[in-house]
Amino acid sequence: MFNIRSTFISSFTIFLGLILSQSAFAEWNALNMTEGVTDISREVFGLHMFIFWIVVAIGVLVFGVMFYSMYAHTKKKNPEPASFHENTKLEILWTVIPFVILISMAVPATNTLQKMYADEEGDINIQVVGYQWKWEYKYLEDGVNFFSNLTTDQDEIYNQTPKGEHYLLEVDEPVVIPTGKRIRFLITANDVIHSWWVPDFAIKQDAIPGFINTAWTIVDEPGIYRGQCTELCGKNHGFMPVVVRAVTPEDYDLWVAEKKQAAFELAQLTEKDWTMEELVAKGEGVYQMNCVACHQVNGAGIPGIFPALAGSDIVLNNKPRNVEILMEGVQGAAMQSFANQLSEVDMAAVITYTRRAWGNDAKGDGEIVVPKEIVEYKENKIKI
Amino acid sequence: MSAVIESHDDHHHGPAKGLTRWLFTTNHKDIGTLYLWFSFTMFLIGGAMALVIRAELFQPGMQIVEPEFYNQMLTLHGLIMVFGAVMPAFVGLANWLVPMMVGAPDMALPRMNNLSFWILPFAFLMMLSSLFMEGGAPNFGWTFYAPLSTTYAPPSVTFFIFSVHILGASSIMGAINVIVTIMNMRAPGMTLMKMPLFVWSWLITAYLLIAVMPVLAGAVTMMLMDIHFGTSFFNAAGGGDPVLFQHIFWFFGHPEVYIMILPAFGIVSHIISTFSRKELFGYSSMVWAMVSIAILSFVVWAHHMFTVGMPLAAELFFMWATMLIAVPTGVKVFNWVATMFRGSITYETPMLFAIAFVVLFTIGGFSGLMLAITPADFQYHDTYFVVAHFHYVLVPGAIFSIMAAVYYWLPKWCGNMYDERLGRLHFWLSFIGVNVTFFPQHFIGLAGMPRRIPDYALQFADWNMVSTVGAFLFGASQILFLFIVVRTVMGGKKATPEVWEGAQGLEWTVDSPPPYHTFSTPPEVK
Amino acid sequence: MNEGGKKTIKMLSLAVLGMFFFSFALVPLYDVFCEVTGLNGKIDLSPSRIVESDISEGRDITVQFVSHNNEQMPWDFGPSDEVINITTGKYYTATYYVKNTTSKAMVAQAIPSVAPSNAAAHLKKLECFCFEQQILKPGEEALLPVRLIFDNELPDNINNIVLSYTIFDVTEDNLDELASYMHEHGEDHHSMGS
């Protein structure tokens, strides 16, 4: 006869062994909410722990009584059950006491919430826009503007190469903020609803197309803070992290200056004469960042949803239409205009890349597109 | 009291033979059986999808499915478990038990009863067939927020909408049937405050269904119009608002959550009282607690959407209202504990499930209380902490109560006792499986893992692995459940009419199994 | 079925129908609710008739204008001035620059949103380009005005307001309007462009 108790004990031992064999479990912060790095986030953490200990206490009390009667009031030990089945005083008591406990929770919670809602003017205002599947940051005062894409390699995701330390939580351009200043985030979305979350700031705010939501923070310590999109937004919802780099105000000013210089240099690059090899090399990177999510690494797309680029008629032999699609998007399809999203150089490079990659160069005309052509397209297209 | 027992082989009143018995049956017991088997089938299908999800999450990286298919799995898993497994199971239990408990010969509207069951399989066939359509099955989560579910949805969304319409109609018909039966067909002497608690819980649930299923129908109708007829209910460009969808959905969705737990309260109250050999403590406060939970459920919906950017006043209102629910819920838990206190307890399988229900549902209630605290909810929202929370109230909550009910009433239904040893084994495996699956999800949620993602950062890896192991254990142990139930139906030790020592209620006064038609002459209730 | 049962069924069926229509009633109710509470920063899409009040009772606030092109809608679109300093109770006119940079005539709709959301109830617009759709021919550009006022009841803690416009491409849904517009203006939009 097999024994239920021993089955239970042995499986429990296996479970415990499984837990103990994992050294990482020792780390407390892998188990609990982060305290974060702002006054608000610390307050939220305090609130979380306060409520947690209250419910633990209630649990110990209630389950204590329950386990006691499970132990002491079995049929064996107590063959004659008691006959009571109501007690008005007791029932009033355990309606009133929880009510009082709830008030003790509601007061600090209300307080903290009011602080979070004290939405004043920011020293720095950053418009955050959620896209399928990346974030755009527009600095309203400083005129800096960029997209933030996941940089984790497809090979890491598909287990071809070892995963890096910040697997899925790394981006090409983190949003940079100065410490000690009040930052206001104006959060909206480009397509579906996203949600912008940085646990260390205790900010989670939905990004809704057509509407602006605000959140604010003051970060004391320089550092890199990572979060993720927290509203299901389609296929790559799990692949659009948020990375914030907090730096000193001096470093922040330097960074803004660098960004402006880089933008200027980029404009210069547009004038340069690009070779096919340079464009293809640059284009591959642009493609990895902006196009693989839908058109896939091998350019095959996803049948029925995202069209293939490898062997596509337009990519092979119709350069004008090829450029037009990238610049203006396709009506009624997932393909959006990339005109405001990619620089002239990146635009030319990525088109060139798709026209040369996956054997397209052999099958089609293989014509390349240079940055100047994109500039011309923007100018000539329009006849006023 | 005395029950009129009809002869089992009376040809005119016995069941028809073969398939037509099940297709055309208007007998509440047959329909109850159909509902329960359908629900179990859906439970296995939805469970298989959950295992696909857990298998993908076993390790970081993409191994088994693509993100697109992963989203379809998590959507269908949610829809099937809510609308296909839990709700039909409770309707099945209501069919079997409500007429027998109130001393009625059958449900009030037997033909509608047949219809409300038989449209269900078609609704789910339609929903599942979308897996094979171009663009795949619905992939926007069971909450189907616009515009992901409208402008950006796969073409199969239209089939999803019709499917929701059909199962909504089924639920509404079921609810009407239950209310009419309870209000009009109680045995003489059975006043409302003498009704068994399961009947009470279903009466309240049925009113909730009447109130909110039409709202769900309205929401999907608006989606349909937005997608196909150019309206802009949820489209900002046309003056609509995607957030409006969330308000309408959760206006339905929160009462829906209680629809899935109130009948469980009823079941557990019966079982704890029987196996403690003691009258239920605080019957009338139990009833009032359920009524107040039901009323409160209409004014707390926006706690599901604290992060959409509501004004402070709204956030505060929904926080306070949500916290209030802890009071009547607490009363229920205290009453169950008081029922056990100084009882004379034995631990048969139904009692084990019922006790596990009280403990684990309470843990789910605790995390629910934490989630009600708006500032903290900004950190919890849409993470695995929420996943852990609602699985704690739905799996060891609703589903354990259904299993407890099956073990408790199965001997009555089929006349045979189940194998107690195997029943306990099933309980322990399920109990361990559920906790190993869902307890670690509290940790990974607090540590920052968003829900509904197919791949995750490395710090979440260990507990995800544990969770997956638990999920497979839980899934496998349900095969044992199937085996136990089938074996009991086929044969076994004969059950007495009373089945359990001192069990109270009209259903225990008839034979086990009960004759095809019970209480053709109403019993007298003192 | 006895009389009581029939009556119950009737009542329940009416309740079901009632709740179905109630779900549609939630749409206008929600709009009213939004307007009263400023939920979502949603603003009325029709002109209001508020007269200027005594400026001496007003106070100085700043209004920040932002824009976004939904789904990467390819027009150039943005505020002429990113920040203006204004006084409550007085009308101001701000403008947005817009240019159709494509080779096709297009129809667009701008949707406003205000943050913080409880300022929305105090923003009144006499005139706004968001009240109607904008049709622009290829290459056409325009300055779109919004004439606005914040009333003196604006809560004291609000000193800085963000007014956002998101522009949506609604050409697909308005092909008829587009055709008649092009006809009136003596041009066939298919002949435009390269």
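Everything quoted here is computed from the prediction, not taken from an experiment. All values below come from the heavy atoms of this structure, side chains included, with hydrogens, waters and symmetry mates left out.
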Interface residue of largest heavy-atom contact number with chain B, from L232(A), I193(A), I103(A), V62(A), under 4.5 Å = L232(A)
Side-chain contact, heavy-atom cut-off 4.5 Å: M66(A) with V333(B)?
-> no
Segment of Q59(B) engaging chain A (4.5 angstrom heavy-atom cut-off) = neither
Looking at Y380(B), does the NZ or CZ of K204(A) lie under 6.0 angstrom from its six-membered ring centre and within 45 degrees of the ring axis?
-> no
Identify which of Y70(B), Y152(B), F275(B) forms the greatest number of heavy-atom pairs closer than 4.5 Å to chain A.
-> Y152(B)
Among A289(B), A146(B), G343(B), which residue forms the greatest number of heavy-atom pairs with chain A at distances under 4.5 Å?
-> G343(B)
W94(A) and V331(B), any side-chain heavy atoms less than 4.5 Å apart = yes
Start with the C-alpha gap between Q63(B) and N159(A), add the side-chain angles, then the distance that decides, and say whether side-chain contact (heavy atoms from CB on, under 4.5 Å) holds.
-> CA-CA 8 Å; Q63(B) 290 90 11; N159(A) 311 305; 3.5 Å; yes
Any chance you could measure Q228(A), atom CD, to T383(B), atom OG1, to the nearest 0.5 Å?
-> 11.0 Å
Atom CE of M33(A) and atom NE2 of H442(B): how far apart are they, to the nearest 0.5 Å?
-> 12.5 Å
Under 3.5 Å donor-acceptor, D206(A) side chain and G309(B) backbone = no
Can you tell which part of N78(A) gets under 4.5 Å to a heavy atom of chain B, answering side chain, backbone, both or neither?
-> both
Contacting region of I40(A) [heavy-atom separation from chain B under 4.5 Å] | neither
Most contacts with chain A, counted as non-hydrogen pairs under 4.5 angstrom, among M449(B), M305(B), R277(B), E134(B) | R277(B)
Could you tell me whether the side chain of Q379(B) reaches within less than 4.5 Å of the side chain of F45(A), counting heavy atoms only?
-> no
Sort out for me which of T110(A), T112(A), V65(A) touches chain B most, counting heavy-atom pairs under 4.5 Å.
-> T110(A)
From the list W197(A), Y68(A), F52(A), the residue making the most non-hydrogen contacts under 4.5 Å with chain B is W197(A)
State the CE-CE distance between M105(A) and M319(B), to the nearest 0.5 angstrom.
-> 11.5 Å
Quick one: what part of L47(A) sits under 4.5 Å from any heavy atom of chain B, side chain, backbone, both or neither?
-> side chain
Can you say whether F63(A) sits under 4.5 Å from chain B via the side chain, the backbone, both, or neither, judging by heavy atoms?
-> side chain
Start with the C-alpha distance between L113(A) and F378(B), add both sets of side-chain angles, then the distance that settles side-chain contact (heavy atoms from CB on, under 4.5 Å), and finish with yes or no.
-> CA-CA 10 Å; L113(A) 196 63; F378(B) 288 138; 3.8 Å; yes
N87(A) side chain reached by F281(B) side chain, heavy atoms, under 4.5 Å = yes
Look up atom CG in D455(B) and atom OH in Y158(A), then write down how far apart they are to the nearest 0.5 Å.
-> 9.0 Å
If you count heavy-atom pairs under 4.5 Å between each of E68(B), E66(B), K278(B) and chain A, which one has the most?
-> K278(B)
Candidate pair F67(A) and V359(B), rule side-chain contact (heavy atoms from CB on, under 4.5 Å), full reasoning = CA-CA 10 Å; F67(A) 293 150; V359(B) 175; 4.3 Å; yes
Passes side-chain contact (heavy atoms from CB on, under 4.5 Å), L31(A) versus W463(B)? Steps please.
-> CA-CA 9 Å; L31(A) 304 180; W463(B) 288 114; 3.1 Å; yes
Between G448(B), A376(B), G330(B), which residue shows the highest count of heavy-atom pairs closer than 4.5 Å to chain A?
-> G448(B)
Looking at CE of M323(B) and CZ of F99(A), how far apart are the two atoms once the value is rounded to the nearest 0.5 Å?
-> 10.0 Å
Most chain B-contacting option - heavy-atom pairs closer than 4.5 Å, from A82(A), G238(A), G210(A), G36(A) | A82(A)
Could you tell me whether the side chain of F239(A) reaches within less than 4.5 Å of the side chain of I453(B), counting heavy atoms only?
-> no
Contact part of E91(A) toward chain B, heavy-atom cut-off under 4.5 Å: side chain, backbone, both or neither?
-> side chain
Validation row: F211(A), P242(B) side chains within 4.5 angstrom (heavy atoms) | yes
Ignoring hydrogens and geometry, is there a side-chain-to-backbone donor-acceptor pair from Y283(B) to H85(A) under 3.5 Å?
-> no
Nearest 0.5 Å please: distance from the CD atom of E315(B) over to the CD atom of Q114(A).
-> 12.0 Å
Compare all side-chain heavy atoms of E231(A) with those of L148(B) and state whether any distance is below 4.5 angstrom.
-> no
Within 6.0 Å of NZ in K76(A), more than 12 heavy atoms from elsewhere | no
Most contacts with chain A, counted as non-hydrogen pairs under 4.5 angstrom, among D377(B), L312(B), V327(B), I363(B) | L312(B)
Side chain to side chain, F140(B) and V192(A), heavy atoms closer than 4.5 Å | no
